[in-house]
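All values below were derived from every heavy atom in this structure, side-chain atoms included, with hydrogens, water molecules and symmetry-related copies excluded.
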Amino acid sequence: MSARFQELDWRPTPLGELVLRRRRDPLDGKDIYEIKLGGEFLMSSLFTVAEEELSRLALAELTGTGLDVVVGGLGLGYTALTVLENADVRSLVVIDALAEVIEWHERGLIPAGATLAADPRCALVNGDFFALARSPEGLIPQEPGRRFHAIVVDIDHSPRHLLHPGNADFYELAGLRRIAALLRPGGVFALWSNDPPDEEFTAELARAFVDVRAEVVSFANPLQDRDATNTVYLAKVPS
């Protein structure tokens, strides 16, 4: 590998080949970390604005201290890092189906890993978030029925573009109601999407939650020399 491009790790997984690589940005000389799965980009440190806003927007809906938060999807860690920036957060559980990604963080191959591992509020858990959301025990099998102030999800590309077809029921009414039942009164569900706001999905959210809205997050895309957008869906359970 050249000094400007390095493959840090490669693993076969049931979902396809998983690759972590680092490349040097020729414009500013900074290192850019990228995760690819099955030939598709899962995450790039070049674009983190929407992942960070996902957490900020979710926590901005809450008041008080001692907040317990779950993040579905670890990636490069930016969503989790942003949660931990909030001093009102008491605990953070990050659930990821790929043990390899958790290992990369624990080994320090991904820069965010050192911060996440050093924060006693944070636990990285290997598990299928969608299967756990369906289970009678809830997201933390060792603590059946545990509820949270916020559940923040950044896994699929969007409610329509899934990493696995088995995830589809999460975005349907029954799945959304299961998530609502895992939130404390006044708790918030936040979801990242790479697609523009989806009116049908927003309407489905409104059947399970209150105060539903879709926030469009804009950020610069230097690769295409234009602005790009993602969507953050926000929904609450009654207080």
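Looking at Tyr171 and Leu191, their side chains come closer than 4.5 Å, going by heavy atoms from C-beta outward. Using a 4.5 Å heavy-atom cutoff, the side chains of Val237 and Phe209 are in contact. Looking only at side-chain heavy atoms (C-beta outward), Glu103 and Arg11 come within less than 4.5 Å of each other. Taking 4.5 Å as the limit, some side-chain heavy atom of Ile32 sits within range of a side-chain heavy atom of Ser44. Between Ile155 and Phe170, the closest side-chain pair of non-hydrogen atoms is not below 4.5 Å. Side-chain contact between His157 and Leu163: present, with at least one pair of heavy atoms (C-beta onward) separated by less than 4.5 Å. Residues Glu53 and Phe219 have side chains not in contact (no heavy-atom distance under 4.5 Å, counting atoms from C-beta outward). Side-chain contact check for Phe189 versus Val153: some heavy-atom pair is nearer than 4.5 Å.
A donor-acceptor pair under 3.5 Å is formed between the side chain of Ser55 and the backbone N or O of Thr79. Formation of a donor-acceptor pair under 3.5 Å by the Asp68 side chain with backbone atoms of Phe148 is not found in this model. A donor-acceptor contact shorter than 3.5 Å links the side chain of Ser45 to the backbone of Tyr33. Counting only distance, with no hydrogens or angles, the side chain of His149 and the backbone of Val69 share no donor-acceptor pair below 3.5 Å. In this structure, Tyr233 contributes its side chain and Ser193 its backbone to no donor-acceptor pair below 3.5 Å. Here the side chain of His105 pairs a donor or acceptor atom with the backbone of Gly75 at under 3.5 angstrom. Side-chain N or O atoms of Arg147 include none that pairs as donor or acceptor with a backbone N or O of Arg184 at under 3.5 Å.
Across all non-hydrogen atoms, the minimal contact from Gly186 to Lys236 is O-CE, 3.4 Å. Scanning both residues, Ala80 and Leu92, for their nearest heavy atoms gives O-CD2, 3.7 Å. The minimum heavy-atom distance between Val216 and Pro197, with the atom names listed, is CG2-CG, 3.7 Å. Contact between Ile179 and Ile151 at its shortest, heavy atoms only, is O-CD1, 4.0 Å. Counting all heavy atoms, side chain and backbone alike, Ala235 lies closest to Val212 at CB-CG2, 3.8 Å. Closest of all the heavy-atom pairs between Ser218 and Val49 is O-CG1, 4.2 Å.
Listed by chain and number, the hydrophobic cluster partners of Trp10 are Val19, where partners are ILVMFWY side chains within reach of under 4.5 Å, directly or through others.
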Can I get a per-line list of side-chain donor-acceptor pairs under 3.5 Å for residues 110-129, giving both atom names and the distance, sequence neighbours left out?
from	atom 1	to	atom 2	distance (Å)
Asp119	OD1	Arg121	N	2.9
Asp119	OD1	Arg121	NE	3.0
Asp119	OD2	Arg121	NE	3.4
Asp119	OD2	Arg121	NH2	2.8
Arg121	NH1	Asn86	O	3.2
Arg121	NH1	Val89	O	3.1
Arg121	NH2	Leu84	O	2.6
Asn126	ND2	Asp96	O	3.0
Asn126	ND2	Ala97	O	3.2
Asp128	OD1	Phe130	N	3.0
Asp128	OD1	Ala131	N	3.1

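Grouping the Ile, Leu, Val, Met, Phe, Trp and Tyr side chains by contacts below 4.5 angstrom, directly or via other members, places Val217 apart from Phe41. Put simply, Leu15 and Ile102 are part of the same group of oily side chains (I, L, V, M, F, W, Y) that touch within less than 4.5 Å, one to the next.
Between Glu200 and Arg160, at least one side-chain N (NZ, or NE/NH1/NH2) sits under 4.0 Å from a carboxylate O, which counts as a salt bridge. No salt bridge links Arg56 with Glu215; every basic N to acidic carboxylate O contact stays at or beyond 4.0 Å. Comment: Arg24 engages Asp31 in a salt bridge, judged by a side-chain N to carboxylate O separation of less than 4.0 angstrom.
Atom CE of Met43 and atom OG1 of Thr48 lie 6.5 Å apart (nearest 0.5 Å). Expressed to the nearest 0.5 Å, how far CG of Leu162 lies from CG of Asp156 amounts to 4.5 Å. The CG atom of Leu76 sits 4.0 Å away from the CD1 atom of Ile35 when rounded to the nearest 0.5 Å. Separating the CG atom in Leu173 from the CZ atom in Arg207 is a distance of 4.5 Å, to the nearest 0.5 Å. Rounded to the nearest 0.5 angstrom, Arg21 CZ and Leu8 CG are separated by 10.5 Å. Here the CD-CG distance, from Glu34 to Leu42, works out to 11.5 Å after rounding to the nearest 0.5 Å.
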- prompt: Do Trp104 and Leu74 pass the side chain to side chain contact (heavy atoms under 4.5 Å, CB included) test, and can you show the C-alpha distance, the side-chain angles, and the key distance before you say yes or no?
  reply: CA-CA 11 Å; Trp104 290 342; Leu74 175 57; over 6 Å; no

- prompt: Please walk me through it: do Asp198 and Glu204 pass side chain to side chain contact (heavy atoms under 4.5 Å, CB included)?
  reply: CA-CA 10 Å; Asp198 183 322; Glu204 200 75 343; over 6 Å; no

task: Tell me, with the steps shown, if Val101 and Leu18 meet side chain to side chain contact (heavy atoms under 4.5 Å, CB included).
output: CA-CA 9 Å; Val101 174; Leu18 183 68; 4.0 Å; yes

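Side-chain atoms of Asn194 and His161 include no donor-acceptor pair closer than 3.5 Å.
Residue pairs satisfying the side chain to side chain donor-acceptor pair (under 3.5 Å) criterion with at least one member in residues 134-143, sequence neighbours excluded, are listed as follows: Arg134-Asp169, Glu143-Arg146.
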